[in-house]
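Okay, structure first, notes after.
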Amino acid sequence: MSKKTIIAGVGVGAVALGGVALLNRTDNAITLENPQEIVWVKPTTDIGWARDVQIESLDIRRDATLTKMIATHTAKLAKEEEAYIKYQTCPQCVRFEWWERLRGSGMRGQALEDEADAQAAQDIRQRLWSIEKLKQSIERMDKELDLRARSAVTRNPRD
Amino acid sequence: MIKYLILLFLLVPYSAQAAAFYGDFGTTTGGGAGTASTTSYGDLNQFVNVARNPGDIIFLRNSTASTTNVLGATFLSDGTLNTPIYVSRDLDNIWSGFTTPVETATPVFGATTITLSASSTIGTDNWVYFGTDCVERYNPKTINPCALSNDVYQVASTTIGSANNILTLYLPYNGDMSGAGVAIRNVGKAPIIGTVALNTIIMAFSADDYWFIYGLDMRGTNAGCVIGPSATRGTIFNGVVLQGNGVTDCGVGSSLDGSMAMNSFRIFGALNGFNSGPSGGILNDFIIDCNNVASSIALNTNGARTEKVMITNGKIINCVRESAVSTNASASFLLRNVQRPNTPLVLSGSAHNVFYYEDDYGIVGLNRTATYQIQSNEFSTTTQSTTTVLRSGGGPVSMAVYPPSGTGNTGISTNYFPFSYMKLLDVPFYSDTSSKTYTVWAMSTSTANFVVDPLTATATSSSTPEFYIECEYYGHATNASRLLKKSNTAAQIDFNGSTAWQSISVTCQPVQAGVNYIRVWYAKPSDGFNAFIIDPTIVVS
């Protein structure tokens with residue numbers, strides 16, 4: 001299962017914010033049916049799921065731990081989705097914060113403009129990644145508990 | 001040097017539901033499941049990118065480096081206030097790579113040079129601990145206590161002295177060992193992530209709270225800094241080394257949260273040690289070495305919502321500027337025992353930023369305050385402790401006052417209390433209900449320092465005298481309402497006519513016993529050098 005991660009610095013290129021597709025989406029439209037930042041071929045069988053959840057070491061977690069992790073990550077997801085409203089509705093605001101920060105470090109001219117574009121785009125992508133990844137992790141945790149409840153897997157928790 | 005020995009091993013934060021993971025940047029197989037040292041993860045993202053539980057730990061193998069195909073670490077989960085998520089280099093010899101040199105040491109508390117019994121076999125940039133400062137006692141549920149107490153030290157160099165062999169540490173020794181013959185344990189080099197030419201934020205936090213990061217050497221040259229802790233709360237960095245190449249980079253950036261802390265760390269070669277931060281928190285036991293990068297700044301808080309920052313026990317070297325503060329910020333900085341370039345401060349910012357220096361330059365008893373109101377003043381400070389001029393029968397230390405010489409936003413006056421004033425003293429006194437007089441003494445070392453004396457009575461166009469002492473005391477029999485009484489007698493100070501000690505005083509009688517607050521204010525617009533000395537020991541009679 002490949003996982004596309006972000007954060008490659010300016011390697012993502014000086015992305016003009018107008019070119020970022022997410023500008024027209026509402027926060028409710030961030031789903032794993034059409035993820036932008038994570039790459040995930042969702043399993044369709046119990047065997048597939050049993051392997052998939054091991055990527056996050058969920059197989060070694062006790063039931064109580066998984067239940068707690070679902071709650072904490074669900075709470076964090078809500079926090080991230082709320083915070084993302086700013087990134088989604090005002091990417092220019094995010095860019096300006098970066099522009100101000102970089103200017104304060106002494107950057108000027110086209111280098112400043114290009115770097116502000118790049119850092120803001122990266123920042124927005126990271127926030128989007130967090131939301132998608134949290135949803136993926138929560139779904140995996142739910143599925144692991146479901147597999148155990150149906151005795152579809154036998155685990156040896158050791159956390 | 002204060003040692004932050006926080007917990008013994010039995011008291012290290014522990015979560016029954018925590019899991020241990022292992023990382024080895026030297027693995028060439030792309031990384032394993034990470035649940036055993038023999039099947040380690042190959043990079044840090046395999047641990048931080050997925051869901052973790054508070055208390056989870058990843059132990060990282062020493063003397064390894066991740067320098068190719070590096071993706072900056074992005075964090076998914078949060079720890080909690082009482083149980084963070086840990087990233088720690090190995091201090092328990094999990095991979096059996098530690099060594100015990102034959103030479104022994106004579107550690108001295110507070111010193112960076114350690115005398116050895118024989119020629120050193122320890123290479124530069126290895127990390128060592130001495131004697132029983134640390135104990136290797138691997139426990140998958142907790143990190144080693146030395147990760148909290150910072151008792152492992154990076155070796156800067158080894159030299160052969162004329163009579164003895166010398167081990168030099170980057171940061172001063174603050175452990176418990178002393179005397180000759182102390183065993184040394186070499187734990188190896190820190191795990192390295194990145195290179196100084198890598199244009200990547202090595203650790204990118206984004207509202208990810210309560211992580212504990214120990215013992216990593218992180219390198220990059222991204223303008224977003226080596227560590228970009230945006231909106232992260234309660235994260236602690238201990239024993240980290242951050243390195244850049246001085247192009248557009250910075251060590252730590254982007255709005256450090258006020259609850260963040262960094263201990264026993266080193267930043268080297270960055271354009272800005274901190275950029276757009278710290279906005280708050282604690283920095284303790286450190287070196288910021290800008291490596292003479294052009295236009296380098298150690299603490300560049302420009303653009304940050306700076307609050308209060310405690311900066312203690314450190315050294316700033318080879319930086320062009322010590323600090324730059326946002327013109328919009330209203331910040332206070334306490335710097336205690338910070339060695340820094342012995343040149344006048346180069347400050348920028350607003351009149352509302354205040355720097356307090358205690359044991360400045362590492363000199364015991366040298367205390368100062370400074371604000372942006374100082375521009376081209378020779379001394380570039382507002383007040384400074386001195387023992388050069390003492391009042392007979394007065395206190396053991398005097399305070400030299402260097403008022404700002406500017407106008408507009410850089411001067412002082414009685415026009416805009418309290419912002420346009422200098423508060424020289426603010427002292428609480430417990431008092432009964434008897435009448436007491438509080439007196440402060442001052443003098444000028446030269447009558448040429450003042451063209452016109454500071455007014456000690458209120459002028460027609462002013463709201464207060466230019467130089468006065470006030471008493472704030474309980475004025476009601478039962479509730480906590482307070483009265484404020486100022487000294488207001490004309491011609492009490494004659495700085496342009498005499499170098500003798502002169503005084504101003506105020507008498508107050510509280511209705512209830514309790515704390516009186518005695519303050520001394522100064523707001524005379526500059527008409528020259530205007531420096532004077534006050535005895536900060538207030539006389540009560």
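Computed from a predicted structure; not experimentally measured. So that the names make sense, note that chain A is the first sequence line, chain B the second, and so on, each numbered from 1.
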Original post:
Hey, does the side chain of A:Gln126 reach the backbone of B:Thr74 with a donor-acceptor pair shorter than 3.5 angstrom?
Top reply: no
Original post:
Hey, what do you get for CD (A:Glu56) to CD (B:Gln46), rounding to the nearest 0.5 Å?
Top reply: 12.0 Å
**OP:** Return yes if some donor-acceptor pair links the side-chain N/O of A:Lys76 with the main-chain N/O of B:Leu76 below 3.5 Å, else return no.
**Re:** yes
Original post:
When rounded to the nearest 0.5 angstrom, what is the spacing between OG in A:Ser57 and CG in B:Asn53?
Top reply: 12.0 Å
Original post:
Taking NZ, NE, NH1 and NH2 as the nitrogens, is one of them in A:Asp159 or B:Lys141 under 4.0 Å from a carboxylate oxygen of the other?
Top reply: no
Subject >> Top of A:Glu80, A:Met69, A:Arg61 for chain B proximity - count of heavy-atom pairs under 4.5 angstrom >> reply: A:Arg61
**OP:** Check whether A:Thr65 gets within reach of chain B through its side chain, its backbone, both or neither, counting any heavy atom under 4.5 Å.
**Re:** both
**OP:** Please flag which part of B:Ser77 lies under 4.5 Å from any non-hydrogen atom of chain A: side chain, backbone, both or neither.
**Re:** both
Original post:
Does some side-chain heavy atom of A:Lys79 sit less than 4.5 Å from a side-chain heavy atom of B:Asp78?
Top reply: yes
**OP:** Using non-hydrogen atoms and a 4.5 Å limit, figure out which bit of A:Leu134 sits close to chain B: side chain, backbone, both or neither.
**Re:** both
Original post:
Can you tell me how far the OG atom of A:Ser130 sits from the CG atom of B:Asp208, to the nearest 0.5 Å?
Top reply: 6.0 Å
**OP:** With rounding to the nearest 0.5 Å, note down the distance linking OH in A:Tyr84 to OG in B:Ser206.
**Re:** 11.0 Å
Subject >> chain A contact via B:Phe75 - which portion, at a heavy-atom distance below 4.5 Å >> reply: backbone
Original post:
Heavy atoms, side chains only, cut-off 4.5 Å: are B:Thr35 and A:Arg158 in contact?
Top reply: yes
**OP:** Go through B:Ala51, B:Ala33, B:Ala207 and name the one with the most non-hydrogen pairs under 4.5 angstrom from chain A.
**Re:** B:Ala51
Subject >> A:Ser105 to B:Leu271 - nearest heavy-atom pair and separation >> reply: O-CD2, 3.9 Å
Original post:
A:Ala64 versus chain B, heavy atoms under 4.5 Å apart: side chain, backbone, both or neither?
Top reply: both
Subject >> Contact class of B:Asn272 relative to chain A, heavy atoms under 4.5 angstrom >> reply: side chain
Original post:
Quick one: are B:Thr200 and A:Gln122 in side-chain contact, heavy atoms under 4.5 Å?
Top reply: no
